[in-house]
Amino acid sequence: MRKWTLAVMSAALLAAACNFHASTSQANAELNQTAEAAYQDLVARRDDALVARMSPAVAPAQVRAQLPMLHDMVGASPPPAPSVVGVRSVASSQGAFYSVRHTYDYTDKTVTADTEFRKEAEGWAIVNFNVHTVFKAGPETGAAAAPAA
């Protein structure tokens with residue numbers, strides 16, 4: 001009975017080790033800066049610089065195909081200072097990952113940029129870069145607008 005219990009406990013520990021996952025919310029200032037620089041590259045249309053920040057596992061042609069749409073979403077105005085609204089650091093049996101979410105509050109829109117990094121042999125590289133834009137309502141027009149003086 002004792003050997004059986006020991007075998008079950010060993011198997012459970014082995015299974016847990018194969019699925020290791022730890023998550024924290026500690027910020028990494030260097031990676032946050034890299035994420036900001038990637039967004040600045042996007043806004044400034046420095047496509048080669050943005051693609052160079054990506055992991056070799058990410059197909060450059062696929063990234064380049066999406067850039068025109070992302071350029072339209074963010075516009076060409078210089079970005080305001082971002083706010084970090086969330087970070088997550090994960091170490092698992094799949095590797096080490098770090099995610100940061102920045103918001104950029106323009107006068108006409110708010111852009112949220114989510115950047116996910118993976119630790120690779122050469123260092124950290126971007127594996128996901130997502131941008132979401134919410135356009136702000138402009139001044140009212142039409143019948144509901146206040147009459148011009």
Side-chain angles (χ1 to χ4, degrees), residues 9 11-149:
M9 288 178 60
L13 286 173
L14 181 60
C18 291
N19 293 309
F20 170 74
H21 176 90
S23 181
T24 67
S25 61
Q26 299 207 338
N28 181 319
E30 183 180 343
L31 293 179
N32 289 357
Q33 271 189 320
T34 301
E36 286 180 39
Y39 182 78
Q40 291 170 357
D41 289 341
L42 176 67
V43 172
R45 308 320 198 239
R46 292 187 298 258
D47 296 350
D48 290 338
L50 180 57
V51 170
R53 295 178 190 282
M54 304 299 286
S55 167
V58 178
Q62 185 176 13
V63 174
R64 288 184 190 283
Q66 297 175 47
L67 290 176
M69 177 189 62
L70 295 176
H71 292 154
D72 289 344
M73 290 175 64
V74 300
S77 300
S83 297
V84 175
V85 294
V87 298
R88 187 176 75 169
S89 181
V90 175
S92 73
S93 56
Q94 303 300 310
F97 299 88
Y98 180 80
S99 301
V100 59
R101 173 174 283 182
H102 287 100
T103 58
Y104 298 84
D105 192 23
Y106 293 83
T107 56
D108 63 335
K109 63 185 171 265
T110 300
V111 178
T112 302
D114 290 310
T115 311
E116 183 180 3
F117 296 86
R118 180 175 56 210
K119 190 162 193 170
E120 299 179 344
E122 320 69 56
W124 291 93
I126 297 173
V127 292
N128 287 307
F129 182 67
N130 298 299
V131 175
H132 177 73
T133 302
V134 175
F135 291 93
K136 298 176 182 177
E140 289 187 336
T141 60

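All figures in this text were calculated on a predicted structure; none of them were measured in a lab.
For the atom pair CG of Asp47 and CG of Leu42, the computed distance is 7.5 Å after rounding to the nearest 0.5 Å. In this structure, CG on Asn28 lies 11.5 Å from OG on Ser99, to the nearest 0.5 angstrom. For the atom pair CH2 of Trp124 and OH of Tyr98, the computed distance is 9.0 Å after rounding to the nearest 0.5 Å. Atom NE2 of His102 and atom OG1 of Thr112 lie 11.0 Å apart (nearest 0.5 Å). Of the inter-residue distances, the one linking Thr133 atom OG1 with Tyr104 atom OH reads 12.0 Å to the nearest 0.5 angstrom. Rounding to the nearest 0.5 Å gives a distance of 9.0 Å between CG of Leu31 and NZ of Lys119.
Between the side chain of Ser92 and the backbone N or O of Gln94 there is at least one donor-acceptor pair closer than 3.5 Å.
The neighbour count for Arg101 CZ, taken as heavy atoms of other residues, nucleotides or ligands under 6.0 Å away, does not exceed 12. More than 12 heavy atoms of other residues, nucleotides or ligands lie within 6.0 Å of CD in Gln66, so this atom counts as buried by the packing criterion. Other residues, nucleotides and ligands place more than 12 heavy atoms under 6.0 Å from the CD atom of Glu122. A 6.0 Å sphere centred on CD of Glu120 holds more than 12 heavy atoms belonging to other residues, nucleotides or ligands.
Counted by atom type alone, Asp114 and His132 present zero donor-acceptor pairs between their side chains at under 3.5 Å.
Residues Lys136 and Asp108 have side chains not in contact (no heavy-atom distance under 4.5 Å, counting atoms from C-beta outward). Under the 4.5 Å side-chain criterion, counting only non-hydrogen atoms from C-beta, Gln40 is in contact with Pro79. The closest side-chain heavy-atom distance from Val58 to Phe129 is not below 4.5 Å. Looking at Tyr39 and Pro82, their side chains never come closer than 4.5 Å, going by heavy atoms from C-beta outward.
Among all heavy-atom pairs drawn from Phe135 and Met73, the shortest one is CZ-O, 4.0 Å. Closest approach of Ser55 to Val127, counting heavy atoms only: CB-CG1, 3.7 Å. Nearest heavy atom pair, residue Arg45 against residue Ala76, reads NH1-CA, 3.9 Å. Minimum heavy-atom separation, Val100 to Ala35: CG1-CB, 3.6 Å. When every heavy atom of Pro60 is checked against every heavy atom of Val51, the shortest pair comes out as CB-CG1, 3.8 Å. The two atoms that bring Leu50 and Asp41 nearest to each other are N-OD2, 3.8 Å, heavy atoms only.
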